[in-house]
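One structure is given here, and the rest of the page talks about it.
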Amino acid sequence: MRSLILAAGIVSLGQSALAETPVLSVLTYDSFVSEWGPGPAIEKAFEADCACDLQFVGAGDGAALLSRVRLEGAATEADVVLGLDTNLTAAAAATGLFAPHGQTPDLSLPVAWDDATFLPYDWGWFAFVHNRDFAAPASFEALAVSDARIVIQDPRSSTPGLGLLMWVKAAHGDRAGEVWAALADNIVTVTPGWSEAYGLFLEGEADMVLSYTTSPAYHLIAEEDDSKTAALFDEGHYMQVEVMGKLAGTDQPDLADRFLAFMLSDAAQEILPTTNWMYPAREPASGLPKGFETLIQPGTSLLLPAAEAEALRGAAIEEWRAALAR
Amino acid sequence: MARGAGALIPLAVAAVVGLVILASLAAVLGHGGAASVSAADWAAVRFTVGQAAVSAALSCVLAIPVARALTRRRFAGRQAIIALLGAPFLLPVITAVFGVVAIYGRSGVLNRAFEAVGLPAFSLYGPQGVVLAQVFLNMPLAVRMMLNGWAAIPAERLRLAGALGFGPGAVWRHLEKPMLATVLPGAALAIFVICLTSFAVALTLGGGPDATTVELSIYQAIRYEFDLPKAALLAAVQFGLCAAALALTWAATGAPGFGAGLDRAALPPAPRGWRRPGDALAVGLALVFVASPLVAVLGRGLWHLTDLPPQIWQAAGRSILIALPSGVLATAGALALALAPNRWAEGVAMLPLAASSLVIGTGLFLLLVPPFRPGALALPVTLAVNAALTLPFAYRALRPEALALRADYGRLTEALGIAGWARLRRIILPRLRRPLGFAMGVTVALSMGDLGVIALFADERSATLPLMVQRLMGAYRMDQAAAAALVLAGLGFSAFLAFDLWGRRNADA
């Protein structure tokens with residue numbers, strides 16, 4: 001125990017000695033930080049002219065991120081939190097830890113954006129991804145009567161899982177429980193996170209997996225494999241809008257503002273589509289990467305307001321659980 | 001070292017383990033807010049206990065004929081099979097799940113064979129899949145624990161049995177049954193508690209929200225509801241279940257009492273007749289059952305080993321750096337507790353098994369983060385928590401033979417006044433070499449594979465190998481993730497083999 005404290009002390013000493021250049025600490029989810037995520041390229045581009053040290057701190061997934069913010073509270077060393085989605089922003093705003101962003105960027109989201117606290121940096125439509133040779137159903141109801149087999153994520157432990165819950169709720173309202181009951185026999189299994197579900201789909205365990213309309217772009221661009229596509233649903237597709245916010249207690253408010261603006265600049269927005277595999281929140285002048293034009297384009301975009309999503313969550317999870325219980 | 005000081009060591013170990021586990025729980029509980037446990041949470045408790053009990057019972061019952069056959073038969077490849085039995089338990093859980101899916105899944109080997117001969121498909125997803133995966137992970141562990149028990153029957157007893165003309169029935173009644181009475185309850189307890197706290201297996205293969213475990217309710221309480229007292233309450237329920245199981249095993253455990261032998265090697269009688277093919281069948285089935293998902297894991301990862309990015313090797317180095325000291329700490333602590341005469345020592349030693357790593361991580365975060373930075377804590381905290389969480393496995397391996405050591409040599413040692421270092425060096429280490437090697441192997445390998453709390457603290461510079469596997473999967477790179485998981489499993493298994501072989505050299509009959 002003593003060596004633990006000693007070691008921790010030495011490391012923090014080492015870091016404070018370097019603190020001459022200003023440090024901007026950005027708390028984000030783990031896959032953003034990873035070598036294969038946007039983190040390294042974003043860091044390089046931002047540090048090129050900020051005369052600062054940008055440090056990403058990874059904290060599990062999107063839901064873990066909010067829990068981390070609440071754990072650290074006002075004492076947090078983070079200046080910016082990046083990676084919440086609109087199903088979580090109401091709870092995040094209610095902590096009172098975030099400051100208004102004060103920016104009016106020219107966004108290219110399919111919906112209007114008027115949140116004064118959080119700014120989107122990328123977004124995607126949820127969709128069921130399948131192999132091109134599979135005859136996919138075109139709505140939840142068609143899926144329910146088909147014998148297509150799907151893998152989904154648990155809304156209690158995964159943000160796509162929660163997104164699917166909101167999708168059914170936004171599309172079918174009070175009938176959501178019925179829709180889930182009808183879908184029960186199509187569900188192979190419910191996984192704790194996105195990657196287990198996607199892995200099971202790639203192993204051939206299901207016909208379709210809940211993911212994003214942009215998922216086939218990964219296979220096409222990174223693996224030159226055009227065998228994957230996503231099913232277009234008549235009800236429209238629910239959106240996941242990934243947002244960032246400045247913490248009110250930051251000791252680098254100007255640098256934090258600069259970072260928020262940078263994340264919506266062409267330099268950062270060009271990095272996101274092929275590292276985070278989502279749509280840029282503000283389409284850069286160079287447009288979307290080649291290959292994105294092959295993706296399905298939903299006619300209707302669904303998104304519940306943050307406050308409504310927060311209010312619905314508990315009851316929607318109960319409804320989901322009751323409908324899928326055997 | 002005086003005898004008084006010797007008695008203080010288990011107390012000190014107990015204090016450290018208790019501090020890590022209970023202080024973190026208290027920190028989470030005391031965070032404020034009202035705890036309320038819903039009907040759905042109780043349903044999760046019922047499911048959790050049910051699947052854990054069935055998995056533990058099946059693992060142990062299936063392990064008996066396998067362990068017995070491996071004990072009384074000698075054949076080429078026997079040592080290799082015993083070594084292989086260490087593998088499933090040491091795999092990262094998600095890798096093991098994908099191995100099971102490759103064999104028993106909808107597109108798995110089994111269902112393709114069924115389809116070819118016109119049989120109806122086997123559905124992996126549901127309670128049957130959860131139990132299947134748990135038995136795959138834990139039955140080999142039960143075999144290993146029982147093998148140690150069989151090896152602890154002194155040669156003199158076996159020879160006496162031979163001289164008296166004992167048949168297989170009499171050997172079972174007089175030697176094997178009493179031996180199992182000391183080993184089986186502990187093995188069942190360990191497996192029950194492992195299954196109690198696992199949540200990835202149950203949820204991924206469980207087929208739906210019916211397969212919700214307490215650990216998922218804890219996850220939800222911390223992540224979405226930020227209802228920390230509720231998480232702590234659920235963690236306490238988990239401890240309560242573990243304590244109840246422990247009390248049950250106390251009631252069921254027989255006393256050791258074969259007496260000391262001269263450590264000569266002797267084979268238990270190997271009966272002829274139908275028991276010969278019976279033993280061959282038991283070992284053969286176990287081998288196919290254990291090896292097939294492992295081969296699938298190997299085949300899946302092998303082709304992509306060359307695609308692995310260089311960061312994997314740095315992460316692997318970090319994992320080894322955590323695992324070795326963590327294994328030493330866990331084994332040393334377990335040894336101190338196993339040698340302690342007090343029964344409370346067993347309670348303390350089993351405590352970490354029932355702990356929720358999410359609650360420990362959250363609790364330590366609350367306790368330590370001011371004044372420390374999370375990134376600076378990642379490696380030391382992971383090391384300490386891994387040592388605490390793996391200690392029960394070392395304890396389980398050491399306990400039966402430590403008890404026998406006390407029963408057989410305790411009085412002699414005291415009469416001769418051998419104490420302190422001399423006792424450790426001349427009596428304890430030589431006599432407990434086999435379980436010590438096994439304990440070191442298991443704890444080092446588990447610390448390497450366990451994701452534990454690192455995800456809560458890690459920054460870009462402190463990722464370990466299990467975290468890298470998770471990151472690769474999160475970035476669509478399932479092939480590379482399979483290769484990285486293979487590296488992880490290979491490292492863990494090599495470490496296990498090295499320590500286990502050290503323990504069994506000159507010690508195995």
Side-chain angles (χ1 to χ4, degrees), chain A residues 1 3-5 7-9 11-12 15 30-31 33-37 39 55-60 63-64 66-68 70-72 75 77 91 149 154 156-157 184 187-196 198-200 202-206 215 218-219 222 277 313 318 320-321 324-326, chain B residues 16 19 40 94 97-98 101-102 105-107 125 199-200 203-212 216-217 219-220 222-224 226 309 311 362 365-366 368-377 379-381 383-384 455-456 458-460 463 467-468 470-478 481:
Chain A
M1 213 54 193
S3 64
L4 184 156
I5 292 167
V11 177
S12 25
Q15 272 160 354
D30 201 64
S31 62
V33 183
S34 101
E35 287 79 353
W36 307 278
Q55 292 184 356
F56 284 114
V57 178
L66 177 57
S67 139
R68 171 75 168 261
R70 286 161 142 176
L71 270 183
E72 294 193 17
E77 284 187 9
R149 294 164 58 85
D154 198 304
R156 295 167 295 175
S157 56
I187 298 170
V188 175
T189 197
V190 180
T191 65
W194 174 88
S195 49
E196 293 92 348
Y198 209 81
L200 285 177
L202 291 181
E203 295 293 318
E205 291 299 296
S215 298
Y218 166 78
H219 299 282
W277 304 101
R313 192 179 67 226
E318 263 327 298
W320 171 83
R321 179 153 57 183
L324 295 190
R326 281 176 213 132
Chain B
V16 172
L19 199 73
I94 187 64
V97 167
F98 275 98
V101 164
R106 187 179 167 225
S107 316
Y125 302 94
F199 104 84
L203 203 57
T204 306
L205 297 178
D210 284 348
T212 295
L216 183 85
S217 299
Y219 198 95
Q220 187 187 4
I222 291 185
R223 291 288 157 87
Y224 279 112
F226 203 63
Q311 294 92 333
T362 307
F365 198 99
L366 284 170
L368 298 173
V369 158
F372 298 109
R373 297 163 36 91
L377 287 174
L379 298 186
V381 164
L383 196 161
L456 209 56
D459 56 23
E460 55 208 298
L467 195 57
M468 290 300 243
Q470 189 174 293
R471 283 181 177 175
L472 281 163
M473 285 187 79
Y476 288 92
R477 287 158 171 82
M478 304 291 168

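Computed from a predicted model, the values in this text were never measured in an experiment. Numbers restart at 1 for each chain; the letters A, B, ... are given by sequence-line order, proteins then strands.
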Original post:
In terms of side-chain heavy atoms, does B/Thr212 have a donor or acceptor partner in A/Arg321 at a distance below 3.5 Å?
Top reply: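 No pair is found: no donor N or O on one side chain lies under 3.5 Å from an acceptor on the other.
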Original post:
Picking from A/Leu200, A/Asp154, A/Thr191, which has the most non-hydrogen pairs under 4.5 angstrom with chain B?
Top reply: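 Top option by heavy-atom pairs under 4.5 Å: A/Leu200.
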**OP:** Go through A/Ser34, A/Ser157, A/Ala75 and name the one with the most non-hydrogen pairs under 4.5 angstrom from chain B.
**Re:**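 The residue among A/Ser34, A/Ser157, A/Ala75 with the greatest pair count is A/Ser157.
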Would you say the side chain of [Y] lies within less than 4.5 Å of the side chain of [X], judging by non-hydrogen atoms?
X	Y	answer
B/Met478	A/Glu203	no
B/Phe365	A/Glu72	yes
A/Trp36	B/Pro309	yes

**OP:** Give me the ring orientation class for A/Trp277 and B/Tyr476: parallel if the planes are under 30° apart, tilted from 30 to 60°, perpendicular past 60°.
**Re:**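 Taking B/Tyr476 first and then A/Trp277, their aromatic rings stand perpendicular (interplane angle over 60°).
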Subject >> Heavy-atom contact with chain B under 4.5 Å, split by part of A/Tyr198 >> reply: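 Answer is both: backbone and side chain atoms of A/Tyr198 are under 4.5 Å from chain B.
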**OP:** Would you check if the side chain of A/Glu205 reaches a backbone N or O of B/Ser107 as a donor-acceptor pair within less than 3.5 Å?
**Re:**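 Yes; at least one donor-acceptor contact below 3.5 Å.
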Subject >> A/Thr189 side chain vs B/Thr204 backbone, donor-acceptor pair below 3.5 Å >> reply: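 Yes; at least one donor-acceptor contact below 3.5 Å.
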Can you give me the closest heavy-atom contact between [X] and [Y], atom names plus distance?
X	Y	result
B/Gly474	A/Ser195	N-CB, 4.1 Å
A/Trp194	B/Met473	CZ3-O, 3.3 Å
B/Pro209	A/Val190	CD-CG2, 4.4 Å
B/Ala475	A/Tyr218	O-CE1, 4.2 Å
B/Arg106	A/Ala206	NH1-CA, 3.5 Å

Subject >> Atom pair CG/CD of B/Leu205 and A/Glu196 - distance to nearest 0.5 Å >> reply: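 With rounding to 0.5 Å, CG (B/Leu205) is 10.5 Å from CD (A/Glu196).
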**OP:** Look up atom CZ in B/Phe226 and atom CG in A/Leu66, then write down how far apart they are to the nearest 0.5 Å.
**Re:**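 Spacing of CZ (B/Phe226) from CG (A/Leu66) equals 8.0 Å.
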Original post:
Between B/Leu203 and chain A, which part of the residue has a heavy atom less than 4.5 Å away: side chain, backbone, both or neither?
Top reply: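 When you check distances to chain A, atoms from both the backbone and side chain of B/Leu203 fall under 4.5 Å.
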Original post:
For B/Ile94, is it the side chain, the backbone, both, or neither that has a heavy atom closer than 4.5 Å to a heavy atom of chain A?
Top reply: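 B/Ile94 touches chain A through side-chain heavy atoms alone.
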